[in-house]
Amino acid sequence: MGEARSYVNMDKVVIVMPAYNEAENMGPMITELFEEVFPKITGVEMNLLIVDDFSPDKTGDIVKKYQGKYSNLYLLQKEREGLGWAYVKGFRYAVEKLHADAVMEMDADFQHPPKFVIPMVEAYLNGADYVIGSRYIKGGSVPKNWETFRKLVSYFGNLFIRIVLVKPKLHDLTTGFRLTKVKGVLDQIDLEHLMELGRFSHKVDLFYQSIKHAKKVVEIPLAFASRTKEKSKFNTKETISTFRVAIILGIKDKVRFIKFGIVGFTGFLVNYLGLEVLKRFGLSTYFSTLLATEAAIISNFIFNNVWTFKDKTITKVGDIIPQFLKFNLSSLFAVVVQPLIVTGAARIFSDSPVVRLFALVFALIVVVIPYNYVVYNLFIWKTWKLPWKKK
Ligand SMILES: Nc1nc2c(ncn2[C@@H]2O[C@H](COP(=O)(O)OP(=O)(O)OP(=O)(O)O)[C@@H](O)[C@H]2O)c(=O)[nH]1
Ligand SMILES: [Mg+2]
């Protein structure tokens with residue numbers, strides 16, 4: 001038996017390493033991690049979990065051989081389902097069976113040189129809850145022997161995803177070398193329902209879901225190595241799938257905003273038509289406007305509740321009442337701000353129909369709509385969290 005590492009009250013980091021037909025790499029990888037890398041890391045207990053899909057080349061048997069030597073080496077064997085599933089099942093095993101505090105994604109083929117585990121774990125120890133091994137920051141790189149085409153696809157693919165997902169501050173969104181804290185980040189993600197679990201492109205969805213919950217994200221430069229053995233599996237299908245995932249994720253968030261806009265417009269119609277109908281019933285202009293406005297607020301609340309925020313629909317009566325009152329209160333904002341902006345503009349420019357129209361449109365687009373959208377997401381349907389409230 002080798003050195004038994006078992007510490008009390010020490011955080012546990014589990015490297016989840018999928019391996020399919022990596023018999024040649026397995027021995028050197030395990031040895032390098034346990035002999036060269038883990039001894040240099042203090043303050044956490046390091047573990048390695050190999051996820052093998054019963055590789056025909058007997059990768060699993062090699063791992064079993066080393067398990068006699070290293071007690072923090074684990075093996076999960078299952079049927080072949082694709083890379084994403086290897087990670088999902090590996091994460092589940094790491095969290096539920098090994099009680100991991102953080103998990104790492106890492107390849108078995110030395111494309112992620114093992115020494116980079118050290119700065120990544122250090123970043124975690126310094127408070128990061130999501131650490132990205134980044135090829136596209138200073139000090140990081142892609143293999144020199146990659147053909148120009150692959151370099152271009154990787155670089156512009158990344159740039160494209162950064163733009164689509166609106167993540168300008170992060171540089172490598174498709175890397176396969178990452179560390180994720182379990183509490184507050186990994187445990188908030190519905191792993192089994194990530195997109196494209198059969199492919200490499202699940203990485204983009206996993207990244208996107210992680211970033212939503214992570215409070216402190218750190219990028220560590222990664223010199224991505226080229227595959228030493230066998231032929232590369234990089235292909236057009238994988239590339240297209242990666243772009244597809246990015247586009248779908250990019251649109252998903254905007255769909256809510258579009259629905260919100262449509263509901264807002266129906267609210268306007270309810271308001272306007274309601275006013276005219278009530279006037280015809282002989283109500284005073286003041287009461288007609290008041291009732292029509294409240295009718296619009298009620299219909300907006302209902303449509304937003306069952307459509308715009310259908311993944312967060314409030315159903316309990318005990319919740320509907322306070323949230324509806326909040327909704328009413330937030331609607332008051334428009335009542336206060338719109339007249340201020342319109343009269344302000346009329347004073348500054350001239351009190352003409354054109355100025356009033358422009359001022360009203362300005363108030364709606366620049367102030368009222370963004371304000372409502374933020375309030376709904378943050379306080380009413382709670383799809384967003386304030387950065388300091390993320391757990
Ligand atoms: N368990 C499991 N591991 C897999 C599967 N597919 C890939 N892997 C492993 O996941 C890691 C990354 O896969 P690679 O095939 O190297 O993918 P890549 O680095 O994008 O492409 P290459 O340029 O071919 O290296 C390696 O450790 C593989 O052995 C799978 O279906 N099941
Ligand atoms: Mg590889």
Side-chain angles (χ1 to χ4, degrees), residues 13-19 22 25 28-30 32-33 36-38 40-41 44 46 48-49 83-84 86-87 90-91 102-148 150-162 165 167-181 185-186 200-208 210-211 214 216-229 232-234 238-239 242 246:
V13 175
V14 177
I15 299 177
V16 177
M17 182 180 281
E22 302 284 3
N25 288 319
M29 174 55 74
I30 294 171
E32 188 164 340
L33 282 172
E36 307 288 329
V37 174
F38 293 172
K40 295 202 179 85
I41 298 173
V44 286
M46 294 301 299
L48 176 61
L49 167 64
L83 187 60
Y87 272 115
F91 289 158
V103 292
M104 287 184 78
E105 290 156 76
M106 184 178 174
D107 289 357
D109 60 0
F110 282 94
Q111 285 194 282
H112 300 148
K115 64 173 185 198
F116 288 99
V117 168
I118 302 167
M120 291 177 73
V121 173
E122 262 163 21
Y124 168 69
L125 285 169
N126 288 327
D129 51 6
Y130 196 59
V131 186
I132 297 172
S134 181
R135 297 161 295 179
Y136 298 111
I137 56 171
K138 205 165 168 273
S141 58
V142 296
K144 288 197 182 56
N145 65 353
W146 266 10
E147 34 183 312
T148 317
R150 184 165 183 185
K151 278 187 189 156
L152 288 176
V153 168
S154 179
Y155 182 79
F156 284 103
N158 236 302
L159 191 66
F160 174 81
I161 298 171
R162 276 168 72 193
L165 299 183
K167 295 285 171 246
K169 284 193 198 139
L170 298 173
H171 301 83
D172 197 344
L173 281 54
T174 54
T175 180
F177 202 8
R178 302 185 285 215
L179 179 148
T180 312
K181 187 173 174 164
V185 186
L186 194 77
F200 174 85
S201 48
H202 76 280
K203 294 262 174 226
V204 180
D205 198 11
L206 184 56
F207 161 85
Y208 193 62
S210 307
I211 226 74
K216 187 174 172 195
V217 181
V218 172
E219 276 186 294
I220 297 287
L222 162 68
F224 192 58
S226 56
R227 191 172 240 285
T228 46
K229 314 215 161 71
S232 165
K233 293 175 203 87
F234 168 79
E238 287 292 345
T239 312
T242 305

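Keep in mind the model is a prediction, meaning the values are calculated, not measured. Side-chain atoms are counted along with the backbone in the values below, which use heavy atoms only and exclude waters and symmetry mates.
Applying the side chain to side chain donor-acceptor pair (under 3.5 Å) test to Asn158 and every residue at least two apart in sequence or in another chain returns Asp172, Thr174.
When all heavy atoms of Val16 and Gly90 are compared, the pair lying nearest together is CG1-CA, 3.8 Å. Across all non-hydrogen atoms, the minimal contact from Arg178 to Met120 is CA-CE, 3.6 Å. When every heavy atom of Ser134 is checked against every heavy atom of Glu219, the shortest pair comes out as OG-OE2, 3.0 Å. A pairwise comparison of heavy atoms in Asp107 and Met17 identifies O-CE, 3.6 Å as the closest pair. For the residue pair Leu179 and Ala102, the shortest heavy atom distance occurs at CD2-CB, 4.1 Å. Here the closest non-hydrogen pair linking Arg135 and Ser154 is NH1-OG, 4.2 Å.
The residue from Val131, Ile15, Val44, Asn126 that alone fulfils the side chain to side chain contact (heavy atoms under 4.5 Å, CB included) condition with Val121 is Val44.
We find the CZ-NE2 distance between Phe224 and His112 to be 4.5 Å, quoted to the nearest 0.5 Å. Taken from CG in Leu48 to CE in Met29, the straight-line distance is 8.5 Å, to the nearest 0.5 Å. Atom CD1 of Ile41 sits about 8.0 Å away from atom CD of Glu122, to the nearest 0.5 Å. Atom CD1 of Ile220 is separated from atom OG1 of Thr175 by 12.0 Å, given to the nearest 0.5 angstrom. To the nearest 0.5 angstrom, Phe116 atom CZ is 11.5 Å from Met104 atom CE. For the atom pair CD1 of Ile211 and CD1 of Ile132, the computed distance is 4.5 Å after rounding to the nearest 0.5 Å.
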Fill in: Val218 vs Tyr130, side-chain contact (heavy atoms from CB on, under 4.5 Å): CA-CA, chis, key distance, verdict
CA-CA 6 Å; Val218 172; Tyr130 196 59; over 6 Å; no
Discussion item. Evaluate Arg162 against Leu173 for side-chain contact (heavy atoms from CB on, under 4.5 Å), listing each step before the verdict.
Written reply: CA-CA 7 Å; Arg162 276 168 72 193; Leu173 281 54; 3.6 Å; yes
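Looking at Pro143 and Trp146, their side chains come closer than 4.5 Å, going by heavy atoms from C-beta outward. The side-chain heavy atoms of Val117 and Met46, taken from C-beta on, include a pair separated by under 4.5 Å. Between Phe207 and Leu170 the shortest side-chain heavy-atom distance falls below 4.5 Å. Residues Glu105 and Lys203 form a side-chain contact, since some pair of their non-hydrogen atoms from C-beta on lies under 4.5 Å apart.
Proximity of the aromatic rings of Tyr87 and Phe91 is defined here by a centroid distance below 6.0 angstrom, and this criterion is met. Residues Tyr136 and Tyr155 place their aromatic rings such that the two centres sit under 6.0 Å apart.
Remark: the backbone N or O of Ala214 is not paired with any side-chain donor or acceptor of Asp129 at under 3.5 angstrom. A donor-acceptor contact shorter than 3.5 Å links the side chain of Glu238 to the backbone of Phe200. Judged by distance alone, with hydrogens and angles left aside, the side-chain atoms of Lys151 form no donor-acceptor pair with the main-chain N or O of Glu147 at under 3.5 Å. Judged by distance alone, the side chain of Gln111 and the main-chain N or O of Ala225 form a donor-acceptor pair under 3.5 Å.
At most 12 heavy atoms of other shown residues, nucleotides or ligands fall within 6.0 angstrom of atom NZ in Lys115.
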